[in-house]
Number of protein chains: 2
Amino acid sequence: MDKPDPSSVPVSSNFGATSRSLPIALLRARERIMVPIREMLQQSGISEQQWRILRVLDEADGMEQTAIAHAACLQLPSLTRILKSMEADGLVARKTDEADRRRTVVTITAEGRSLIARHRARNAEIFATIEAEFGREKLDLLLDLLDELQQTRI
Amino acid sequence: MDKPDPSSVPVSSNFGATSRSLPIALLRARERIMVPIREMLQQSGISEQQWRILRVLDEADGMEQTAIAHAACLQLPSLTRILKSMEADGLVARKTDEADRRRTVVTITAEGRSLIARHRARNAEIFATIEAEFGREKLDLLLDLLDELQQTRI
DNA sequence: ACATAATGGTTGACATAGCAACTAATATTA
DNA sequence: TAATATTAGTTGCTATGTCAACCATTATGT
């Protein structure tokens with residue numbers, strides 16, 4: 001449980017070379033992490049995308065959509081539609097910037113913040129578990145490597 | 001760009017806490033990697049999901065759909081529909097297992113293998129670039145960590 | 001000023017994601 | 001052996017991903 005001993009790896013999950021494929025490895029790791037998070041979010045009936053948007057806005061409210069899309073890793077067309085339903089659900093509010101009427105400023109509502117607050121404890125618990133099982137140093141190392149990879153010029 | 005109350009906003013620069021969020025970090029890193037791959041695949045008009053399926057089948061032909069879904073990190077309902085169009089395009093073939101008529105055995109066609117072959121050089125080039133820019137040791141370390149994370153009991 | 005380009009965002013079309021309900025075939029159990 | 005459960009896959013529904021075309025607004029070049 002401490003070392004990635006190859007002999008301890010179940011033979012049934014032998015994926016050959018694809019297991020060393022970076023895109024697939026990133027995908028598999030993410031799917032693994034998202035299981036408990038999706039379970040958590042299902043109680044509020046919001047998607048993981050909506051959760052990302054709320055967290056981004058909670059950190060820096062009053063953002064333009066392009067900035068949100070970048071921060072939450074969403075395509076602008078997707079964001080347009082997601083925000084539309086989130087606005088209808090009263091989680092966010094949108095208003096056009098009067099100085100530059102192309103821009104739209106999105107703010108999180110009290111209800112949006114309340115939703116985040118309701119899940120904060122469980123969210124922290126999930127990641128505390130990951131940290132405990134996986135190890136804090138390795139987690140930090142992984143985050144560093146991911147951040148670096150994302151900034152790599154390809 | 002000025003905020004009315006800077007103290008209410010954690011950071012003016014983007015992504016404070018979300019930059020250390022594992023799901024988002026995994027997503028961002030993956031999106032970064034996929035840019036040149038999507039560009040490559042667009043020349044054949046196939047999706048990254050179809051590419052994953054072809055690569056999995058190329059490694060171990062004659063798989064059942066559940067196994068493919070697991071290996072290619074796809075939902076079974078998605079796989080059903082994707083395979084349907086791939087079969088129509090002549091990239092794969094499906095036949096029901098006569099021993100257990102619930103099962104379907106999927107094989108890659110010559111055309112499917114040819115498509116992989118056409119992209120193998122460029123694919124290798126992309127990952128050689130990543131390896132060169134990011135570093136071989138770090139890449140190996142990252143893959144090890146991702147593999148380990150994916151096997152972590154959460 | 002005028003035409004043109006660039007920017008921010010929206011919409012359309014189609015493929016995939018994700019959940020639930022469903023069918024058909026096989027296994028299990030009373 | 002009949003009833004039930006399990007497994008493999010399919011289908012329906014809705015949301016999101018992705019690309020392209022588009023609109024409105026602002027910036028830029030001549």
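We name chains A, B, ... by the order of the sequence lines, and we start the count at 1 in each one. Just so you know, these numbers come straight off a predicted model, no measurement behind them.
The nearest whole Å value for the distance from the CZ atom in Arg101(A) to the C1' atom in dA27(D) is 17 Å. Distance, Arg103(A) CZ to dT26(D) P: 10 Å, rounded to whole Å. Protein atom CD of Gln65(A) is 11 Å distant from nucleotide atom P of dT11(C), rounded to whole Å. What separates CG of Leu76(B) from C1' of dT16(C) is a distance of 14 Å, to the nearest Å. Glu31(B) places its CD atom 16 Å from the P atom of dT16(D), with the value rounded to the nearest Å. Taking atom CZ of residue Arg102(B) and atom P of nucleotide dT6(D), one finds them 13 Å apart after rounding to whole Å. Straight-line distance from the CG atom of Leu41(A) to the C1' atom of dC19(C): 14 Å, rounded to whole Å. What separates CD of Gln50(A) from P of dT14(D) is a distance of 16 Å, to the nearest Å.
Residue Arg94(B) places none of its side-chain N or O atoms closer than 4.0 Å to OP1 or OP2 of dA8(D). For the OP1/OP2 pair of dG17(D) and a distance below 4.0 Å, the side-chain nitrogens and oxygens of Gln49(A) include at least one atom meeting the criterion. At dT16(C), none of the side-chain N or O atoms of Ser78(B) fall inside 4.0 Å of OP1 or OP2 (strictly under the cut-off).
DNA chain D is contacted by both Ile82(A) and Ala99(A); Ile82(A) maps to the nucleotide lying nearer its 5′ end (nearest heavy atom per residue). Along DNA chain C, the nucleotide nearest to Val105(A) and the one nearest to Arg38(A) differ in position, and the one closer to the 5' end is contacted by Val105(A). Looking at which nucleotide of DNA chain D each of Glu98(A) and Leu74(A) is closest to, the 5′-most match is held by Leu74(A).
Annotation for Arg101(A): atom CZ does not count as buried by contact number, only 12 or fewer foreign heavy atoms lying within 6.0 Å.
In this structure, the side chain of Arg28(B) engages the main chain of Ala71(A) through a donor-acceptor pair within 3.5 Å. Between the side chain of Arg32(B) and the main chain of Thr152(A), a donor-acceptor pair closer than 3.5 Å is present.
At a threshold of 4.0 Å, the pair Arg20(B)-Asp140(A) counts as salt-bridged, since one of the basic side-chain nitrogens sits closer than that to a carboxylate oxygen.
Using a 4.0 Å heavy-atom cutoff across all strands shown, Leu79(B) reaches no nucleic acid atom at all. Residue Thr66(B) is classed as a sugar-phosphate contact, given heavy-atom separations below 4.0 Å to backbone atoms only. Counting any heavy atom pair closer than 4.0 Å across all strands shown, Ser47(B) reaches sugar-phosphate atoms only and no base atom.
With dC19(D), dT10(D), dG9(C) as the candidates, the nucleotide lying closest to the side chain of Glu64(A) is dG9(C). Distances from the side chain of Glu48(A) to the nucleotides dA17(C), dT18(D), dG18(C) place dG18(C) closest.
Side-chain atoms of Arg81(A) stay outside donor-acceptor range of the base of dT16(D), with no qualifying N/O pair under 3.5 Å.
With Leu57(A) as the partner, the side chain to side chain contact (heavy atoms under 4.5 Å, CB included) test is satisfied by one option alone out of Val106(A), Thr107(A), Leu91(A), Ile116(A): Val106(A).
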